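Accompanying notes for the structure given below.
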Amino acid sequence: MKTSILIIYTGGTIGMVKDPDNGSLKPFDFDHILKQVPELNDFGFELSSIAFDPLIDSSNLNPEVWIKIASLIKENYEKYDGFVVLHGTDTMSYSASALSFMLENLDKPVVLTGSQLPIGMLRTDGKENLITAIEIAADNKNGKALVPEVCVLFENKLFRGNRTTKHNAEYFNAFYSYNYPDLAKVGINIHYNHAVIRNHSEGMFSINTNLDTNIAILKIFPGINKQTVDAILNIEGLRAVVMETYGAGNAPTDAWFVDSIKEAIGRGVIVYNVTQCPSGSVDMGLYETSVELRNIGVVSGHDITTEAAIAKLMFLLGQELDSDKIKFFLNKSIKGELCQ
Ligand code: ASP
C-alpha cells in the first residue's frame, strides 16, 4: 500500500503572492503551491491536502486554529501515515507547542513547516522545506513512523516542535532549538538522531481541545515599576502568568516587587518562571535574586521556551485540575518540552 500523507495548509509566506496594489504579501490558494512543486508527483506517495478558508497569516492565529488543526488530524488520523502542516513562521513555535500537548498518544509524524520566501519566488526555501517535510512525515521502518511526534522542519534541521523558537527573520534558518538536540539533520541523507526522538505510543490517539487563555506574560526589565507589574498581575480573570526573568531565573529583590508577586500567588495566580535567555535553565536558589521567588511559590519553568510555556499553561488550565496538580505538571516534562 502506498504511504499516505495529509497536507494541512493553514497559510503563511510559503503560499503567499504579492498584492499588486500595495506590494504586501497575501495568502494564496493551495493549487498555486502544487504548481510550483511538480516534483511532489515523483514521491509515489498518496498526497492529499486540506486548505484553510480563509488562509491565515500566522500573526493572526489564535487557539481556535490550534483546535481546528488538532480536529483535522483527529478526523483523518486512521487514513494517513503522516501529517504535514504548512504554517506561517511567525507563530509556528506556539502552534507546534500547543499541538504537542493537545495530541494524546500521537504515534505518527506531525511535521510543521513553512518558508521565509514564497514558493513562487526564484530563491524560495519553500520547495525544499515542503519536499523534506513530506519525506520525513512518510519515513518509517517496518510501517512504524521514524518520528512519531510534533516537530518543525526548517532549512536543514528537524526539531522537536515544543523546543523551537523563531530566532531569525531574515535567513532561511528561521528556527532553532537551543535546549534540545536536533531530531534530524538534512543533507544528502536525512540523519535521524533516534536517541532523542520520542518513543512510540501504544495508547489510543485522541485530542484534548480544552484550553484556557486567561494568562499573561510579565517580562522583567531594569526599571520596571510597580504600576506595570500590578497592572499585569491584576488583570481580571488572570489565572497564570509567564514571568520572563533574567539568566537563571533572577528578578529584582525590591520588597514591592516580591510583595506584588506574593500577593498574586496568594490570590491563586500561578507564576511560571521562564528565563529570557534562549539557552540554559531557570535554577531558583542559585542566586540571592531568586531565593525569595522560590520561597513565595513561584514555579520553575526550567529550560522551557516562552512559546511552550504559554501553550502548556493554556492546556493545563483548560483541564479540570487543582492548582497543586497544575504546578506539579508545570514543573516536569509532559511532552518533552523541558528537561526535568
Ligand atoms: N507573517 C507570516 C506568517 O507567519 C510570516 C511567514 O510565514 O514566514 O504567516
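Worth saying up front: this structure is predicted, and the values here are computed from it rather than measured. Starting from 1, each residue takes its place in the sequence as its number. All ligand and atom numbering here is 1-based and tracks the order in the structure.
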No-hydrogen, no-angle side-chain donor-acceptor test under 3.5 Å, R267 and N234: yes

Is there a donor-acceptor contact under 3.5 Å linking the side chains of D230 and S260? yes

Y178 and Y176 aromatic ring geometry - parallel, tilted or perpendicular at 30°/60° bounds: perpendicular

Go ahead and list the nitrogen or oxygen contacts between ligand 1 and the protein that come in under 3.5 Å, distances to 0.1 Å, or just say none.
{"residue": "ligand 1", "atom": "1 (N)", "partner": "D57", "partner atom": "OD1", "Å": "2.9"}
{"residue": "ligand 1", "atom": "1 (N)", "partner": "D57", "partner atom": "OD2", "Å": "3.1"}
{"residue": "ligand 1", "atom": "1 (N)", "partner": "D90", "partner atom": "OD2", "Å": "2.7"}
{"residue": "ligand 1", "atom": "4 (O)", "partner": "S58", "partner atom": "OG", "Å": "2.5"}
{"residue": "ligand 1", "atom": "4 (O)", "partner": "T89", "partner atom": "N", "Å": "3.3"}
{"residue": "ligand 1", "atom": "4 (O)", "partner": "D90", "partner atom": "N", "Å": "3.0"}
{"residue": "ligand 1", "atom": "4 (O)", "partner": "D90", "partner atom": "OD2", "Å": "3.3"}
{"residue": "ligand 1", "atom": "7 (O)", "partner": "T13", "partner atom": "N", "Å": "2.9"}
{"residue": "ligand 1", "atom": "7 (O)", "partner": "T13", "partner atom": "OG1", "Å": "3.0"}
{"residue": "ligand 1", "atom": "7 (O)", "partner": "T89", "partner atom": "N", "Å": "3.0"}
{"residue": "ligand 1", "atom": "8 (O)", "partner": "T13", "partner atom": "OG1", "Å": "3.0"}
{"residue": "ligand 1", "atom": "8 (O)", "partner": "T89", "partner atom": "OG1", "Å": "2.4"}
{"residue": "ligand 1", "atom": "8 (O)", "partner": "S115", "partner atom": "O", "Å": "3.3"}
{"residue": "ligand 1", "atom": "9 (O)", "partner": "D57", "partner atom": "OD1", "Å": "3.2"}
{"residue": "ligand 1", "atom": "9 (O)", "partner": "S58", "partner atom": "N", "Å": "2.7"}

Can you confirm whether the side chains of T245 and N273 place a donor and an acceptor under 3.5 Å from each other? yes

Side-chain donor-acceptor distances from residues 305-315 under 3.5 Å, at least two apart:
{"residue": "T305", "atom": "OG1", "partner": "A308", "partner atom": "N", "Å": "2.9"}
{"residue": "T306", "atom": "OG1", "partner": "E244", "partner atom": "OE2", "Å": "2.6"}
{"residue": "K312", "atom": "NZ", "partner": "F329", "partner atom": "O", "Å": "2.9"}
{"residue": "K312", "atom": "NZ", "partner": "L330", "partner atom": "O", "Å": "3.4"}
{"residue": "K312", "atom": "NZ", "partner": "K332", "partner atom": "O", "Å": "2.7"}
{"residue": "K312", "atom": "NZ", "partner": "E337", "partner atom": "OE2", "Å": "2.6"}

With a 3.5 Å cut-off and no angle check, do the side chains of N22 and S24 form a donor-acceptor pair? yes

